[in-house]
Amino acid sequence: MQYEVKVPTYKRVNKRKINLESNLATMIVAFVIGITLGRVNLNFVEGLTLASFGIAYLISTIIKRQEREYLTAFVSVSLGYLSTYKVIDNAFIYFIIAVSIVTYGYVMNKLDKKISYYIC
């Protein structure tokens with residue numbers, strides 16, 4: 001062991017932070033996440049396909065009550081669902097569900113009412 005040796009401790013010189021609070025970064029991230037979650041399918045048996053991850057993502061963005069973000073999520077989830085119309089027989093039903101959820105969220109947001117949800 002050496003005495004009187006001046007060894008400085010480690011200090012981070014340039015600390016970068018990713019700012020996801022900017023509108024453009026948030027919209028890009030919401031768009032990419034929406035497309036990928038809209039394309040997720042669960043095949044239980046032949047002919048029975050469940051694709052509910054995009055709807056769950058859409059509901060979670062509507063609960064946050066930020067209009068730009070949930071409209072971006074709606075467009076991206078809809079594109080994800082419509083891009084899998086050959087894999088999922090009822091892809092248009094998921095699109096109709098997404099339209100009805102966004103319409104409900106938009107109306108409740110304009111009426112300034114809190115959206116109630118129940119977890120069973």
Side-chain angles (χ1 to χ4, degrees):
M1 184 171 194
Q2 298 177 354
Y3 294 102
E4 302 285 328
V5 175
K6 302 289 183 184
V7 178
T9 59
Y10 172 76
K11 292 181 184 178
R12 188 176 297 258
V13 177
N14 188 4
K15 187 174 183 181
R16 291 186 176 192
K17 289 184 179 179
I18 298 174
N19 186 10
L20 290 179
E21 297 299 322
S22 68
N23 288 335
L24 183 63
T26 304
M27 294 303 143
I28 291 172
V29 169
F31 191 78
V32 170
I33 289 173
I35 287 178
T36 55
L37 286 178
R39 292 184 52 86
V40 173
N41 303 324
L42 294 176
N43 294 325
F44 294 111
V45 293
E46 187 66 33
L48 178 63
T49 304
L50 182 66
S52 60
F53 290 103
I55 299 296
Y57 173 67
L58 190 59
I59 291 171
S60 69
T61 56
I62 289 174
I63 288 173
K64 289 174 34 177
R65 298 176 62 111
Q66 295 176 356
E67 188 172 332
R68 277 187 163 175
E69 190 173 329
Y70 74 73
L71 289 178
T72 304
F74 165 69
V75 169
S76 62
V77 166
S78 299
L79 285 175
Y81 281 139
L82 294 178
S83 67
T84 59
Y85 73 93
K86 290 185 179 179
V87 177
I88 303 174
D89 294 333
N90 301 324
F92 295 108
I93 292 175
Y94 289 108
F95 176 72
I96 292 170
I97 291 170
V99 168
S100 63
I101 288 173
V102 166
T103 305
Y104 176 75
Y106 184 77
V107 168
M108 288 297 150
N109 194 13
K110 290 299 178 186
L111 293 176
D112 201 28
K113 292 187 177 182
K114 186 175 179 181
I115 298 172
S116 60
Y117 56 94
Y118 299 100
I119 299 174
C120 297

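The structure presented is a predicted model; accordingly, all values stated were derived computationally and were not measured. By convention here, the first residue in the shown sequence is residue 1.
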Looking only at non-hydrogen atoms, find the nearest pair between [X] and [Y] and report the distance.
X      : Y     : result
Ala73  : Tyr57 : CB-CE2, 3.6 Å
Val102 : Ile62 : CA-CD1, 3.9 Å
Ala30  : Glu69 : CB-CG, 4.4 Å
Arg39  : Gly80 : CG-O, 3.6 Å

Hydrophobic cluster membership, [X] vs [Y], 4.5 Å side-chain cutoff:
X      : Y     : result
Leu111 : Tyr70 : no
Val107 : Ile97 : no
Ile96  : Ile59 : no

Ser76: which of Ile33, Thr36, Ile35, Leu71 passes side-chain contact (heavy atoms from CB on, under 4.5 Å):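 It is Ile35, the one option of Ile33, Thr36, Ile35, Leu71 that forms the side-chain contact (heavy atoms from CB on, under 4.5 Å) with Ser76.
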Would you say the side chain of [Y] lies within less than 4.5 Å of the side chain of [X], judging by non-hydrogen atoms?
X      : Y      : value
Val77  : Tyr94  : no
Phe74  : Val99  : yes
Leu82  : Phe92  : yes
Thr61  : Leu58  : yes
Lys110 : Tyr106 : yes

